[in-house]
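A short worksheet on the structure shown next.
Each chain gets a letter, A, B and so on, in the order its sequence line appears, and its residues count up from 1.
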Protein chains: 4
Amino acid sequence: MTDTVELPRSKRAEATKARILEAAINEFANHGLAGARVDEIAARAGANKRMLYVHFGSKEELWLQVLEHVYAHKREEERALDVGNLHPQEAMARLVRFNLRYTARHPEFVTLLNQENMHQARYLGTSERVQALYSPLLDLVREVLARGAAAGVFRRDAEPLQTYVTLVALGHFYVANLHTLSAVFQARLSSEAALGAREAHCVEVLLGYLRP
Amino acid sequence: MTDTVELPRSKRAEATKARILEAAINEFANHGLAGARVDEIAARAGANKRMLYVHFGSKEELWLQVLEHVYAHKREEERALDVGNLHPQEAMARLVRFNLRYTARHPEFVTLLNQENMHQARYLGTSERVQALYSPLLDLVREVLARGAAAGVFRRDAEPLQTYVTLVALGHFYVANLHTLSAVFQARLSSEAALGAREAHCVEVLLGYLRP
Amino acid sequence: MTDTVELPRSKRAEATKARILEAAINEFANHGLAGARVDEIAARAGANKRMLYVHFGSKEELWLQVLEHVYAHKREEERALDVGNLHPQEAMARLVRFNLRYTARHPEFVTLLNQENMHQARYLGTSERVQALYSPLLDLVREVLARGAAAGVFRRDAEPLQTYVTLVALGHFYVANLHTLSAVFQARLSSEAALGAREAHCVEVLLGYLRP
Amino acid sequence: MTDTVELPRSKRAEATKARILEAAINEFANHGLAGARVDEIAARAGANKRMLYVHFGSKEELWLQVLEHVYAHKREEERALDVGNLHPQEAMARLVRFNLRYTARHPEFVTLLNQENMHQARYLGTSERVQALYSPLLDLVREVLARGAAAGVFRRDAEPLQTYVTLVALGHFYVANLHTLSAVFQARLSSEAALGAREAHCVEVLLGYLRP
DNA sequence: AATGAATGAGGATTCATTCAT
DNA sequence: GATGAATGAATCCTCATTCAT
């Protein structure tokens, strides 16, 4: 009996496809759509270049699937958040921390998004799964804001969408600009200490703003 | 001994170089370093491709000069800001608005920065003019924070660097993600109305946070 | 010791092979040897690509079998012609008409032949069934010419081979160049009317020439 | 003084383009559109592959230009024909011989035409120079037919277009099928003797048909 | 006999860069 | 300083063919 059980045929193909996607996320995140190399992706995936085309059709379609994948992944983690029985302020702090930490753990999300924005969302615009991109986090923000306002601990004029964008921005920007900020301020902002400090600050900002 | 006087290059050569830089900013902003085409830059500049190499040496060196140029441009406008005789809250609001509006007016700044971050600031890291990148805005933030704290209208625990980063993030993120946000929320966030609303919100967030 | 009796292959296998051949005729006729796609042939045949290799060995061998097949098919129809009891002139007219109509009904014959000529008959040259390619039509022409000459209704100096080639040429060329002729003369030469007119003309030419 | 005078710049580019076209005619004639290799064309032309794209844009556009070129070349030679002061029969014989000889001297014309027909004249169909393809030979045929009829040496019912097609077919088919005919009849039809015999026969056929 | 996955060589096309004038 | 032509290395993609069930 051995562990290296031969995968059933379709499973094996599925695995190849998954490895290619994984490698593509990496390559695209590091080099962008134009800078990424199809050969490199295949090589890193330990797959034949042809398979990339069998499974994804073209570099651009692969790009789209990568985008959809990282979006879906973040949405999934957001969906798993449960702040329903936390005090509004603690709940909001949790959301802020989650976002910052997720972004720091997944810098590829930031890079890919930025690239797609450079392309004016041309690819996402054609996605049929675009609706799946809608953020559960926005709903959570909305709900927590309402609870906080009702409880009198939050100001009543905070708009959910703006607040959501701000919340996301606080984490996203820091990660997105880690390198240039570090260069300009000659600091290692990616250290856990720096990240922790940033996290505390972001919570302060949002809760400070929301004070009634 | 001779002073290394700047040679009075022919006006025409200077103009050609300027046109190439201009075209490069555009091309790089729209397509990134890898996606940009040297032919296109030369064509748009109405210059011979060879001139690009005469003036800039290589595509990568041109990229670096573009980065330095857009950074310098923003710093220049920041330096022109004068909030010294404004009330701290009005001064801070002014800084927030300035940053958002500048970013909105210069989306290329955002795109280029994001690209450079993807490259882990490899090019800026080698820049000898990096010190010129240091932000006057940060000094302004520091000074206004101090004035506000002294006057008792701002909290005393706001760190200048964190506050500066937050201030910049609020504008930058919005512009950087205009397209994907628009796609996801099916809205035209680039309208003046939307931008105005965002501006008001950002001011609210920062001033709300800074309340003692 | 066993006789190498032809194994009664499964009916199913036989059918698969036939479908592949059919699909190959089409694909080769439309795209030529180099332009034809093995994947497409298999797909059109509703067969697995592997089967193509099992039954035919390679794309080139398949090409040869296709050639032999279409040649054999024409020869078969020629063999079925019976003009023995027709008056020489009517017999010759019949041969002309047959050839033109057959060619029009089987444009793939023309295309495949042309391709093979481009290849300088490299594949047919290696065929072991080449003798099967000898044309019964030539024998018919020879015989009718002889009868006509004997009867005094045909000139006596018409050489059978040249006459055969001319007869074939009259139909073949028209079909072979249908598209470019149509383009150049801006006419729809593939209509039944046009084909009928051409048929009448060809008969006129050959019988006119054969007048004593 | 040396003969290898350096060509003025644009002349040199022109020469490169011409060499590429020349090489392309050869490669396309021998291998067809799909079978031709761009690398091979460039190599044979002694040119860099890139130049092919600079001058022609793509393989398909090069194919079109090749077609237009060979057509134009034949039309030019046809235009140079002068049979106005020959006796109708001699004039017609001259046209037949010219066509057969031209075709034999330019087998690439036949191959290319056949290929384009296989593609259903897709490329010529998009040509803007299609009108240039109209055949002066057709006009000559028309004129000679009229003169012959008027002089009472030709039948009066010969249609010019049909007669033209027949005339062209007689030569074209022979050249087009030289290889398969040789294979089937085990003869060397490309010898001068065979060609001469074919020429005599073709003249006989046409003049025989045209007898009143 | 049949299948789906995989392969590696090769194909058209594009790129940043340099040469010759 | 400026130009048009040229270059060779890559880049994306495709193909006929084979492997492992």
Side-chain angles (χ1 to χ4, degrees), chain A residues 6-17 34-42 46-60 62, chain B residues 9-17 34-42 46-55 57-60 62, chain C residues 9-17 34-42 46-55 57-60 62, chain D residues 6-17 34-42 46-60 62:
Chain A
E6 201 52 50
L7 288 171
R9 225 78 241 278
S10 58
K11 277 279 164 73
R12 190 149 169 243
E14 216 48 61
T16 300
K17 181 171 180 178
R37 295 297 162 243
V38 163
D39 286 58
E40 188 64 20
I41 293 173
N48 185 284
K49 214 189 326 178
R50 190 73 233 280
M51 287 296 95
L52 191 153
Y53 289 92
V54 167
H55 287 304
F56 298 95
S58 75
K59 190 190 187 186
E60 301 212 334
L62 177 55
Chain B
R9 305 217 197 114
S10 93
K11 272 279 162 66
R12 198 169 155 221
E14 210 53 58
T16 299
K17 181 171 181 179
R37 296 297 160 243
V38 163
D39 285 60
E40 188 65 19
I41 293 173
N48 186 281
K49 218 186 333 175
R50 191 73 230 280
M51 287 301 93
L52 190 153
Y53 288 91
V54 166
H55 289 303
S58 75
K59 191 191 185 187
E60 301 211 335
L62 177 54
Chain C
R9 304 220 198 114
S10 90
K11 273 276 163 65
R12 197 166 157 222
E14 210 53 57
T16 299
K17 181 172 181 178
R37 297 295 162 244
V38 163
D39 285 60
E40 188 64 18
I41 293 173
N48 185 283
K49 219 186 332 177
R50 191 73 231 279
M51 288 300 93
L52 189 153
Y53 288 90
V54 167
H55 288 304
S58 75
K59 190 191 186 186
E60 301 212 335
L62 176 55
Chain D
E6 201 51 52
L7 288 171
R9 225 75 239 282
S10 58
K11 277 279 164 72
R12 188 149 171 242
E14 217 47 61
T16 299
K17 181 172 180 177
R37 296 294 161 245
V38 162
D39 285 58
E40 188 64 19
I41 293 172
N48 184 283
K49 216 187 327 177
R50 190 73 233 279
M51 287 295 96
L52 190 153
Y53 290 91
V54 167
H55 288 304
F56 298 95
S58 75
K59 191 189 187 187
E60 301 212 335
L62 177 55

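In terms of the salt bridge (charged side-chain N to carboxylate O under 4.0 Å, His left out) criterion, residue partners of K49(D) (sequence neighbours excluded) are, by chain and number, D39(D). Listed by chain and residue number, A34(C) satisfy the side-chain contact (heavy atoms from CB on, under 4.5 Å) test with A34(D) (two or more places apart in sequence, or in another chain).
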The dot-bracket string of DNA chain E, counting Watson-Crick and G-U wobble pairs with both distances under 3.5 Å, using [ ] for crossing pairs and | for pairs to another strand, is .||||||||||||||||||||
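What you find for T16(A) and A47(A) is that their closest heavy atoms are CG2-CB, 4.0 Å.
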Protein proximity profile, nucleotides 8-13 of chain E - base contact B, sugar-phosphate-only contact S, no contact -, cut-off 4.0 Å on heavy atoms: B-BSSB
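Summary of the strand contacts: M51(C) and H55(A) both lie near DNA chain E, and taking for each the nucleotide with the nearest heavy atom, the more 5' one is attributed to M51(C).
Going from atom CD of E40(A) over to atom P of dT11(F) covers 10 Å, rounded to whole Å. In this structure, the CD1 atom of I41(C) is 11 Å from the P atom of dT17(F), given to the nearest Å.
Proximity of L62(D) to V38(D): side-chain heavy atoms (C-beta onward) are nowhere separated by under 4.5 Å.
Residue-level contact check: V54(B) touches the backbone only, with heavy atoms under 4.0 Å from sugar-phosphate atoms and none from bases.
In this structure, T16(C) reaches the dA2(E) phosphate: one of its side-chain N or O atoms is under 4.0 Å from OP1 or OP2.
Here the straight-line distance linking atom CD of E14(A) with atom NZ of K17(A) works out to 6.0 Å at 0.5 Å rounding.
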Identify each donor-acceptor pair in which a side-chain atom of residues 50-59 of chain D lies under 3.5 Å from a protein atom, sequence neighbours left out, and give them as a table.
residue : atom : partner : partner atom : Å
S58(D)  : OG   : E60(D)  : N            : 3.4
S58(D)  : OG   : E61(D)  : N            : 3.2
K59(D)  : NZ   : L33(D)  : O            : 2.8
K59(D)  : NZ   : A36(D)  : O            : 3.1

